[in-house]
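Some notes on the structure that comes next.
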Number of protein chains: 2
Amino acid sequence: MADPTGHNGGESLLFLTDEQLRKGIEAMFFAYRGFTADPDRILSEKSYGRAHHRAVHFIHRAPGTTVNNLLAILGVTKQSLNRVLRSLIEDGLVESRVGKKDKRERHLYLTETGEALERELSAAQRTRMRAAYRAAGPDAVQGFRQVLEAMMDSDMRKHYLAMKDKTV
Amino acid sequence: MADPTGHNGGESLLFLTDEQLRKGIEAMFFAYRGFTADPDRILSEKSYGRAHHRAVHFIHRAPGTTVNNLLAILGVTKQSLNRVLRSLIEDGLVESRVGKKDKRERHLYLTETGEALERELSAAQRTRMRAAYRAAGPDAVQGFRQVLEAMMDSDMRKHYLAMKDKTV
DNA sequence: TTGGAATGTCAACAACACTGACATAAAGTG
DNA sequence: CACTTTATGTCAGTGTTGTTGACATTCCAA
């Protein structure tokens, strides 16, 4: 029994055994592997990695974002991000424009080539996500998103919500 | 519109826009960061990494598992796993016993020290998972698990289901 | 006895993260 | 204007985790 005291934290409907929680942990582990498998295959052919994918994804989502903003979203050091951005810029997938108001800032945009890669990666990942959603059913989708959102650190949740459902 | 053909794959209740799917992708990204944050902090103090955590976790879940079985679950090369196991064995967290039937096989067990680390890591992760479950509510939990399970590669799903809810 | 499976080890390498230090340019502040 | 801070970039070094390839040992099984 997970909670020998018999208390359940005030949520009277939830009895969470350690075993159930561990299964959730393992589900996250195995699912994340599947989640990254398709993009990883595409990226390895182009000698890119997950770090490139993340940069391309968020530049696509927030065109014109600054380096600092991207740094906050990705949660890595500037040296780490810079290595990735340099190769993407050299290869003509990302364009870096000096800011108009503040000339210290660099605003990042995907080129047409960059957008093409983003579509390819995103299409693979969306296909899997769509299949998972359909297999699980409509009610499951909302629960999935709710639990994931609650699992985030609050800083990350801000970034997540900030770009939430722009087109809806 | 996500699907200009108007088809929806036979699940008449699901209209999945690209935007909704992308939000799901981002939710996975941000949530996984939160999911690993607590163990990562504990591990870095002990100069271990996620690879050690994974090994410890699955040895705890399946005591006596062979190296080959662990290899299949973790999906890494034996050289990579061996490096991790060697340090865990040297540090007295894992015990490797020669198989009785097949003496080529090594059966892996956590020592009391190993179990203690597992409890510490697992407790941190379960606390976050429990909080997320409670914040999202009981209905959400089932949906969460269903979507994650559907997102796995079939090989991984086998491993996942094989150790499913042993105590339930 | 020979073949193959399971395991372990060595070497080399790459991706991706980190720290620390330093440089440059531009903006803000006194 | 002098000074500080901010944003960015770069160089060097290090660590973890993953990869390939090669090779040795042990041992089951045909």
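Hydrogens, waters and symmetry mates play no part in the numbers below; they use all other heavy atoms, side chains included. Quick caveat: nothing in here was measured; it's all calculated off a predicted structure. Every chain is numbered from 1, with letters handed out A, B, ... down the list of sequences.
Under a hydrophobic clustering in which Ile, Leu, Val, Met, Phe, Trp and Tyr are joined whenever their side-chain heavy atoms come within less than 4.5 Å, directly or via other members, A/Leu93 and A/Ile42 fall into the same cluster.
Between A/Lys103 and A/Glu105 there is no salt bridge, since none of the side-chain N atoms of the basic residue sits less than 4.0 Å from a carboxylate O of the acidic one. Note on A/Glu149 versus B/Lys23: no salt bridge recorded, every NZ/NE/NH1/NH2 to OD/OE distance being 4.0 Å or above. A salt bridge is defined here as a Lys NZ or Arg NE, NH1 or NH2 lying under 4.0 Å from an Asp or Glu carboxylate O, and A/Arg33 with A/Asp40 fails to meet this definition. Salt bridge B/Glu118/A/Arg22: present, at least one basic N to carboxylate O contact under 4.0 Å. A salt bridge links B/Arg119 with B/Glu112: the distance from a Lys NZ or Arg NE/NH1/NH2 to an Asp or Glu carboxylate oxygen falls below 4.0 Å.
The ring pair (Phe, Tyr, Trp, His ring centres under 6.0 Å) test applied to A/Phe58 returns B/Phe29, B/Phe30, not counting sequence neighbours. Residues satisfying the side-chain hydrogen bond (donor to acceptor under 3.5 Å, both in side chains) criterion with B/Arg126, sequence neighbours excluded, are A/Asp18, B/Ser122.
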Might you work through the side chain to side chain donor-acceptor pair (under 3.5 Å) test for A/His107 and A/Thr65, ending with a clear yes or no?
CA-CA 5 Å; A/His107 298 272; A/Thr65 183; over 6 Å; no
Starting from the C-alpha separation in whole Å, work towards a yes-or-no answer on salt bridge (charged side-chain N to carboxylate O under 4.0 Å, His left out) for A/Glu90 and A/Arg83.
CA-CA 11 Å; A/Glu90 278 173 6; A/Arg83 192 197 315 121; over 6 Å; no
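Using cut-offs of 30° and 60° for the angle between ring planes, the B/His53 and B/His57 rings count as perpendicular.
At a non-hydrogen distance threshold of 4.0 Å, A/Gln79, A/Asn82, A/Arg86 from residues 79-90 of chain A come into contact with DNA chain D. Listed by residue number, A/Arg104, A/Glu105, A/Arg106 are the residues of residues 96-106 of chain A with a heavy-atom contact under 4.0 Å to DNA chain D. Listed by residue number, the members of residues 28-54 of chain A with any heavy atom below 4.0 angstrom from DNA chain D form an empty set.
You can see that DNA chain D meets the heavy atoms of chain B within a 4.0 Å-exclusive cut from D/dT16 to D/dC28, reading 5' to 3'.
Checked by atom type, the side-chain pair B/Glu26/A/His159 shows no donor-acceptor distance below 3.5 Å.
For B/Asn68 and C/dT7, the shortest distance from a side-chain N or O to OP1 or OP2 is below 4.0 Å.
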